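Every value quoted in this text rests on a predicted model; they were computed, and no experiment measured them. Heavy atoms only: backbone and side chains are in, while hydrogens, waters and symmetry mates are out.
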Amino acid sequence: PTDNASNNAADTSDPTDVSDASDVADTSDPTTTTIEFAEPVVVKSVIDGDTIEILRNGVEFRIRFKGINTPELYTDDGPEPYADEARDFVWDSIGAREIGLEFDSDCGNAPFDTCYDGYGRLLAYIRIDDGKDLAEELLRAGLARVYRYQNELYDRLDAYYAAQSSAQQANLGIWND
């Protein structure tokens, strides 16, 4: 659940806040392919490029994307380059919609009890309704870097490095010289 001590006061006026789950976007467009999630959750708000708030069975959780780091949105000197773009990319991809949460194998069988970072955020992979991994898409767009806490290994590390390499080779986003 959300740890109010870790909330940054600057994000309380986030215009991407969706307080009511009834605002979930209609994804019934027959021209798009969508997947159904075993246990869907609703995106309530996007804090920055790698942190969101979701509603699961009426309980709010703050989610930190496992394995990536995006430019910081809230710093004393203002947003880092591409921080706004990363946040907007996330909102455009999942805002006010249902998503699927997936967890690293290290989280075990009870990730909602065990898989948190030092700030009380649940660590998860985000599955979009088109079947894509949102963190991998951020890496491909050049809006994130692979992140390894204390040089850890995790399930999607190779795929994430491949996506980051693709963005680097194309000079996209943060890799633009």
- [ ] For side-chain contact (heavy atoms from CB on, under 4.5 Å), just list the numbers for Arg56 and Glu39, CA-CA rounded to whole Å, side-chain angles, deciding distance to a tenth of an Å, and then say yes or no.
- [x] CA-CA 9 Å; Arg56 176 182 180 249; Glu39 187 180 338; 2.5 Å; yes
Open item on the list: Does atom CG (Asn109) have a neighbourhood of more than 12 heavy atoms from anything else shown, all under 6.0 Å?
Closed with: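 For Asn109, atom CG is not crowded (no more than 12 foreign heavy atoms under 6.0 Å).
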TODO: Would you check, one step at a time, whether the test side-chain hydrogen bond (donor to acceptor under 3.5 Å, both in side chains) holds for Tyr125 with Asp155?
DONE: CA-CA 10 Å; Tyr125 302 116; Asp155 297 343; 4.8 Å; no
Under a 4.5 Å side-chain heavy-atom rule over Ile, Leu, Val, Met, Phe, Trp and Tyr, are [X] and [Y] clustered together?
{"X": "Leu172", "Y": "Leu139", "result": "no"}
{"X": "Ile68", "Y": "Ile128", "result": "yes"}
{"X": "Val59", "Y": "Phe103", "result": "yes"}
{"X": "Val146", "Y": "Leu153", "result": "yes"}

Task: Lys NZ or Arg CZ of Arg64 over Tyr147 ring: under 6.0 Å, within 45° - done: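 Cation-pi check for Arg64 and Tyr147: passes.
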Open item on the list: Please determine whether a side-chain nitrogen of the Lys or Arg among Glu98 and Arg127 lies less than 4.0 Å from a carboxylate oxygen of the Asp or Glu.
Closed with: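 Arg127 and Glu98: not salt-bridged.
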TODO: Salt-bridge test for Glu136 and Arg156: reply yes if a basic N is under 4.0 Å from a carboxylate O, no otherwise.
DONE: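 Looking at Glu136 and Arg156, the cut-off is not met.
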Side chains of [X] and [Y], heavy atoms from C-beta outward: is any pair under 4.5 Å?
{"X": "Val42", "Y": "Ile54", "answer": "no"}
{"X": "Ile126", "Y": "Val43", "answer": "no"}
{"X": "Asp50", "Y": "Asn69", "answer": "yes"}
{"X": "Asp104", "Y": "Leu123", "answer": "no"}
{"X": "Arg148", "Y": "Tyr161", "answer": "yes"}
{"X": "Leu55", "Y": "Val41", "answer": "no"}
{"X": "Phe89", "Y": "Thr70", "answer": "no"}

Would you check if the side chain of [X] reaches a backbone N or O of [Y] as a donor-acceptor pair within less than 3.5 Å?
{"X": "Glu80", "Y": "Glu72", "answer": "yes"}
{"X": "Asp117", "Y": "Gly120", "answer": "yes"}
{"X": "Thr114", "Y": "Ala110", "answer": "yes"}
{"X": "Tyr154", "Y": "Gly67", "answer": "yes"}
{"X": "Thr51", "Y": "Ile47", "answer": "no"}

Task: Atom of Trp91, atom of Val46 and distance for their closest heavy-atom approach - done: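 Scanning both residues completely, I find the closest heavy atoms to be CE3-CG2, 3.4 Å.
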Open item on the list: Show the nearest heavy-atom pair for residues Gly142 and Trp175, with the distance to one decimal.
Closed with: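 Of all heavy-atom pairs spanning Gly142 and Trp175, the closest is CA-CD1, 4.0 Å.
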Task: Among Asp106, Leu101, Leu122, side-chain contact (heavy atoms from CB on, under 4.5 Å) partner for Cys115 - done: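 Only one of Asp106, Leu101, Leu122 forms a side-chain contact (heavy atoms from CB on, under 4.5 Å) with Cys115, namely Leu122.
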Task: All side-chain hydrogen bond (donor to acceptor under 3.5 Å, both in side chains) counterparts of Glu152, not counting sequence neighbours - done: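 So Glu152 forms a side-chain hydrogen bond (donor to acceptor under 3.5 Å, both in side chains) with Lys66.
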Task: Worked verdict on Val90 versus Ile52 for side-chain contact (heavy atoms from CB on, under 4.5 Å) - done: CA-CA 9 Å; Val90 171; Ile52 61 174; 3.9 Å; yes
- [ ] Take Asp130 and Ile35, measure what side-chain contact (heavy atoms from CB on, under 4.5 Å) needs, and give me the verdict at the end.
- [x] CA-CA 6 Å; Asp130 66 2; Ile35 61 172; over 6 Å; no
Task: Parallel, tilted or perpendicular: ring planes of Phe112 versus Phe61, cut at 30 and 60 degrees - done: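 Judged by the thresholds at 30° and 60°, the geometry between Phe112 and Phe61 is perpendicular.
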